[in-house]
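Being a predicted model, the structure only gives us computed values, none of them experimental.
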Amino acid sequence: MKALLIVDLQNDFCPGGKLAVPDGGKVVPVINQLLDKFPLVLASQDWHPVKTVHFDKWPVHCVRESEGAKLHPDLKRKKITKVFLKGTDNKDDGYSVFEATNDDLEGFLRGNNVEELYLTGLATEYCVKATAIDAVEKGFKVFVIREGVAGIKEEDVEKAVKEMESKGINYINYSSI
Ligand code: VGL
Ligand code: ZN
């Protein structure tokens, strides 16, 4: 079984948000077009408390329950089976969706016989990368969809892609799905 995971496609990571990814909005129509190609669609939300050491490093963003923490309004969220919440504690962690605290992503994937995990969302060089690396290390076959992800800084994205590929993660084009 294959699953699509939409990482942190939230208002604060999109243009106009508190920690905007420059091309963050562009991935929304791509992801909407992918939804019907997958039997299982999952999503994550960065979901921080008001006070956390995470905000020593980053501008305040994705505070739980806030407008900025909501999923992008154009995302067809009815297709999403489950949402994993991460970064929920006063720690500078939560980059990987496998660290979600409301539910166990690994257990959920195994329980649904998912072997192939396709990743989309934001930001390529942070939460997408951390999730992809955790997934491949746990033995999943991992695909990151080029047109379905966007990052904060181009040079960091390039480095992240090289690192992911060196670990056996497949960086693929939308057209190959
Ligand atoms: C993220 C920076 C801070 C992400 C989350 O979702 O990629 N990046 N918090
Ligand atoms: Zn965050």
Item checked: Cation-pi check, Lys2 onto Phe38 ring (under 6.0 Å, within 45° of axis) -> yes

Is [Y] close to [X] at the side-chain level, that is, under 4.5 Å between some pair of heavy atoms?
X      : Y      : value
Phe84  : Trp47  : no
Lys79  : Asp36  : yes
Leu71  : Gln45  : yes
Lys141 : Glu115 : no
Glu106 : Lys138 : yes
Tyr126 : Val21  : no
Leu42  : Leu109 : yes

Starting at [atom1] of [X], measure out to [atom2] of [Y] and round the result to the nearest 0.5 Å.
X      : Y      : atom1 : atom2 : result
Lys153 : Lys159 : NZ    : NZ    : 8.0 Å
Lys167 : Met164 : NZ    : CE    : 11.5 Å
Phe98  : Leu105 : CZ    : CG    : 4.5 Å
Arg110 : Asn112 : CZ    : CG    : 12.0 Å
Leu35  : Lys76  : CG    : NZ    : 7.0 Å

Only one of [options] passes side-chain contact (heavy atoms from CB on, under 4.5 Å) with [X]; say which it is.
X      : options               : value
Ile6   : Leu75, Leu122, Val97  : Leu75
Ile145 : Ile31, Thr120, Leu119 : Thr120
Leu34  : Leu4, Val41, Val27    : Leu4

Without swapping roles, check the side chain of [X] against the backbone of [Y] for a donor-acceptor pair under 3.5 Å.
X      : Y      : value
Asn90  : Val53  : yes
Glu147 : Asn173 : no
Asn102 : Val83  : yes
Thr124 : Ala150 : yes
Asp12  : Lys18  : yes
Asn113 : Met1   : no
Thr131 : Cys127 : yes
Asn170 : Val142 : yes
Glu125 : Ala160 : no

Check: Where do Ile172 and Tyr118 land on the side chain to side chain contact (heavy atoms under 4.5 Å, CB included) test, with the steps shown first?
Finding: CA-CA 10 Å; Ile172 61 166; Tyr118 288 73; 3.9 Å; yes

If you compare all heavy atoms of [X] against all heavy atoms of [Y], which two are closest, and at what distance to 0.1 Å?
X     : Y      : result
Leu9  : Cys14  : CD1-SG, 4.3 Å
Pro15 : Ala20  : CA-CB, 3.9 Å
Pro22 : Gly151 : CD-O, 3.6 Å
Ser44 : Lys86  : OG-CE, 4.2 Å
Cys62 : Gln10  : SG-NE2, 3.6 Å
His48 : Gly87  : ND1-O, 2.8 Å

Tell me whether [Y] is reachable from [X] by hopping between hydrophobic residues (I, L, V, M, F, W, Y) whose side-chain heavy atoms are closer than 4.5 Å.
X      : Y      : answer
Val157 : Trp58  : no
Phe143 : Phe140 : no
Ile169 : Tyr95  : no
Val149 : Leu5   : yes
Val7   : Leu40  : yes

Next item on the list: Mind running salt bridge (charged side-chain N to carboxylate O under 4.0 Å, His left out) on Lys162 and Glu165 for me, showing each step along the way?
Entry: CA-CA 5 Å; Lys162 286 202 183 109; Glu165 287 184 324; over 6 Å; no

Next item on the list: Report the residue from Asp46, Asp8, Asn11 that forms a side chain to side chain donor-acceptor pair (under 3.5 Å) with His61.
Entry: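 Exactly one candidate clears the test, Asp46.
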
Check: Should we count CZ of Arg146 as having more than 12 external heavy atoms under 6.0 Å?
Finding: yes

Check: Near Lys26 NZ, under 6.0 Å, is it more than 12 heavy atoms from other residues, nucleotides or ligands?
Finding: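 Counting other residues, nucleotides and ligands, NZ of Lys26 stays at 12 neighbours or fewer.
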
Check: Could you go step by step and tell me if Tyr174 and Gln33 meet the side chain to side chain contact (heavy atoms under 4.5 Å, CB included) rule?
Finding: CA-CA 10 Å; Tyr174 172 86; Gln33 294 225 355; 3.2 Å; yes

